[in-house]
Amino acid sequence: MSCTLPKIDWSRIRSDFPILDQRVGDWPLIYFDNAATSQKPRAVIDALVRYYERDNANVHRGLHELSNRATDAYEGARKKAAAFLGAASDEEIIFTRGTTEGINLVAQIWGAHFLKPGDVILLTEMEHHSNLVPWQFAAQRSGATLRHIPITDDGMLDLDQLGKLLTPEVKIFSFVHVSNSLGTINPAAELCRCARALGITTFVDGAQSAGHMPVDVREIGCDFYALSGHKMCAPTGIGALYGRRELLETLPPWHGGGEMINRVTLTDSTFKPPPARFEAGTPDIAGAIVLGTAIDYLEAVGRQNIFEHDRTLTDYAMLRLAEVPGLRIYGPKKDRGALAAFTLDGAHPHDLTTFANTRGLALRGGHHCTQPVMKKLKVNSTSRASFYFYNTHEEIDRMIEILLEANKFFGG
Ligand code: PMP
């Protein structure tokens with residue numbers, strides 16, 4: 001019996017993504033903006049078209065063939081999302097518009113139900129604005145206060161501070177699994193274990209982890225976990241929120257409307273159990289169904305394979321970026337998520353990113369919705385190259401050539 005793993009044909013996998021095969025001006029497109037949104041494989045694009053060509057109807061309560069098909073596919077996608085995240089049941093999966101909506105849902109309804117003056121919401125300094133602003137609202141509404149775990153100079157959470165910050169006044173600890181501006185991979189299971197020991201509710205922002213590595217919410221031991229479909233090969237406008245069942249059952253509805261009710265009179269209503277309680281109105285049916293297709297696709301490639309491929313690419317990028325004079329990289333030196341953020345002496349990150357675009361290279365320049373991280377790094381913005389499993393070593397080599405050219409152009 002052979003013990004070697006099957007070799008993966010990454011170039012065949014890359015050819016599943018039609019958008020990558022194009023030129024920008026005179027140059028082949030290099031898409032290194034995957035942390036903002038990923039590209040979509042043919043299987044997902046086809047599933048979206050197929051749904052609208054053959055099955056489109058509103059879900060639930062339909063007593064006709066198309067509605068039954070749409071409902072089966074929609075609820076089937078919920079099962080796929082539950083299995084993808086290791087949830088105990090598909091009733092723990094709420095379809096949302098994305099990570100931002102998942103965080104807002106919990107910050108609003110959990111916050112309104114459980115937070116009171118004197119309570120503390122624990123976050124970190126490396127959060128995306130989506131995991132800062134909803135909690136600022138929740139604090140303002142409830143009288144709770146905010147606390148943040150600081151970042152060390154090498155872009156890690158300063159866990160020496162954890163004992164001081166994770167105290168019994170903390171009612172919820174919400175943190176990013178993989179930082180979108182530093183690339184830090186936080187020890188989610190360990191952080192949740194420490195919080196759980198004090199009875200503290202936990203929320204993991206999985207926007208940058210769900211599509212990049214194996215994720216099991218029960219192994220992590222979190223109460224909530226949010227993901228965005230568009231960062232993991234599905235369309236924009238669809239996401240999922242995992243919530244531990246016992247906790248979801250204690251929560252009141254969020255939005256009111258169709259689908260989330262049992263009985264309605266002119267003056268009051270009763271509500272369905274989760275997850276329907278949290279899905280008012282017609283959902284993004286097609287989006288949810290093809291999120292299921294994207295999940296099938298990622299599972300077929302293999303999430304551990306994706307993680308290892310991302311890791312190899314990122315390690316290579318870190319090695320080669322060090323060759324560019326005047327280039328400064330931010331975040332951990334190793335064991336990081338699939339991205340590198342940097343600045344180049346003499347070039348504003350926006351100008352550098354615009355220069356890269358003139359060579360067909362799609363980077364992202366800006367604060368990456370993490371202004372507190374930029375403040376900590378003492379920069380206004382950075383350029384970010386973020387990778388996914390369809391990117392190649394040759395594309396990284398080409399990025400280095402472009403950055404060396406930029407170094408000359410900007411007078412380095
Ligand atoms: N958290 C992190 C870490 C992110 O990278 C992002 C997207 N950049 C979000 C939250 C928000 O995701 P979305 O805009 O899809 O809701």
Side-chain angles (χ1 to χ4, degrees), residues 31-40 81 94-108 123-137 148-149 151 155-157 173-188 191 202-213 215 220 222 224-242 254 283-284 287-288 290-291 294 310 314 330-332 336-341 353 362-374 376 381-388:
Y31 187 77
F32 281 173
D33 196 16
N34 294 288
T37 199
S38 74
Q39 298 302 349
K40 323 301 172 201
I94 300 161
F95 284 122
T96 61
R97 285 192 296 130
T99 305
T100 304
E101 189 170 81
I103 298 171
N104 275 279
L105 187 159
V106 174
Q108 285 182 33
L123 308 170
T124 85
E125 284 183 355
M126 67 170 74
E127 299 310 316
H128 188 279
H129 298 162
S130 292
N131 200 25
L132 291 173
V133 184
W135 298 111
Q136 293 170 359
F137 292 161
H148 302 89
I149 302 179
I151 312 174
M156 310 290 283
L157 287 181
F173 177 23
S174 185
F175 61 91
V176 70
H177 197 177
V178 177
S179 157
N180 66 308
S181 56
L182 293 165
T184 319
I185 303 179
N186 288 319
L191 294 174
T202 48
F203 193 120
V204 178
D205 170 351
Q208 298 293 344
S209 59
H212 287 268
M213 59 178 68
V215 168
I220 293 174
C222 55
F224 296 105
Y225 178 100
L227 64 78
S228 296
H230 70 96
K231 293 187 198 283
M232 44 175 276
C233 295
T236 49
I238 186 69
L241 171 70
Y242 159 80
W254 187 30
D284 181 358
V290 303
L291 173 63
D310 280 3
T314 309
Y330 300 91
R336 50 156 62 215
L339 62 94
T353 307
L363 301 175
R364 184 152 293 254
H367 52 61
H368 315 294
C369 293
T370 54
Q371 287 183 15
V373 175
M374 298 299 116
K376 188 84 179 187
S381 54
T382 64
S383 295
R384 181 183 71 188
S386 54
F387 316 114
Y388 212 8

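Both ligands and their constituent atoms are indexed starting at 1 by order of listing. Keep in mind the model is a prediction, meaning the values are calculated, not measured. Positions are given from 1 along the sequence. The basis for the numbers below is simple: all heavy atoms, side chains too, and nothing from hydrogens, waters or symmetry mates.
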Trainee: What is the distance from atom OH of Y242 to atom CD1 of I94, rounded to the nearest 0.5 Å?
Mentor: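 Separation between the atoms: 11.0 Å.
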Trainee: Closest non-hydrogen protein atom to atom 4 (C) of ligand 1, residue and atom name please, with distance?
Mentor: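 Looking only at protein heavy atoms, the one closest to atom 4 (C) of ligand 1 is H128 CD2, 3.3 Å.
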Trainee: Do the side chains of V176 and Q208 get nearer than 4.5 Å, heavy atoms only?
Mentor: no
Trainee: Judged by non-hydrogen atoms, does H230 sit under 4.0 Å from ligand 1?
Mentor: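 It does, in that a heavy atom of H230 comes within the 4.0 Å cut-off of ligand 1.
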Trainee: Provide the closest heavy-atom pair for E127 versus F175 in the form atom of the first, atom of the second, distance.
Mentor: OE2-CA, 3.4 Å
Trainee: T370: what forms a side-chain hydrogen bond (donor to acceptor under 3.5 Å, both in side chains) with it, not counting sequence neighbours?
Mentor: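 T370: side-chain hydrogen bond (donor to acceptor under 3.5 Å, both in side chains) contacts with S181.
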Trainee: Looking only at protein heavy atoms, identify the closest one to atom 12 (O) of ligand 1 and say how far it is in Å.
Mentor: S228 OG, 3.5 Å
Trainee: What residue and heavy atom of the protein are closest to atom 7 (C) of ligand 1, and at what distance?
Mentor: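 The answer is K231 NZ, 2.6 Å.
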Trainee: What is the nearest protein non-hydrogen atom to atom 5 (O) of ligand 1, stated with its residue, atom name and distance?
Mentor: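 It is Q208 NE2, 2.7 Å.
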Trainee: Starting from atom 11 (C) of ligand 1, locate the nearest protein heavy atom and write down its residue, its atom name and how far away it is, to 0.1 Å.
Mentor: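 Residue, atom and distance for the closest contact: T100 OG1, 3.4 Å.
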Trainee: Tell me, please, which residues at least two apart from F32 pass ring pair (Phe, Tyr, Trp, His ring centres under 6.0 Å).
Mentor: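 Once residues adjacent in sequence are excluded, the partners of F32 under the ring pair (Phe, Tyr, Trp, His ring centres under 6.0 Å) criterion are F387.
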Trainee: Applying a strict 4.0 Å limit to heavy atoms, is V176 in contact with ligand 1?
Mentor: yes
Trainee: If you count the atoms of ligand 1 from 1 in the order shown, which ones are under 4.0 Å from a heavy atom of A207?
Mentor: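 Contacts of ligand 1 toward A207, numbered from 1: 1 (N), 2 (C), 4 (C), 6 (C), 9 (C), 10 (C).
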Trainee: Among protein heavy atoms, which sits nearest to atom 10 (C) of ligand 1, and what does the distance come to when rounded to 0.1 Å?
Mentor: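 The closest one turns out to be D205 OD2, 3.4 Å.
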Trainee: May I ask you to decide if S386's main-chain N or O and N34's side chain share a donor-acceptor pair within less than 3.5 Å?
Mentor: yes
Trainee: Identify the heavy atoms of A226 and L241 that sit nearest to each other, and give their distance.
Mentor: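 Taking every non-hydrogen atom into account, CB-CD1, 4.2 Å.
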Trainee: If the cut-off is 4.0 Å to any non-hydrogen atom of N180, which atoms of ligand 1 fall inside it?
Mentor: 3 (C), 5 (O)
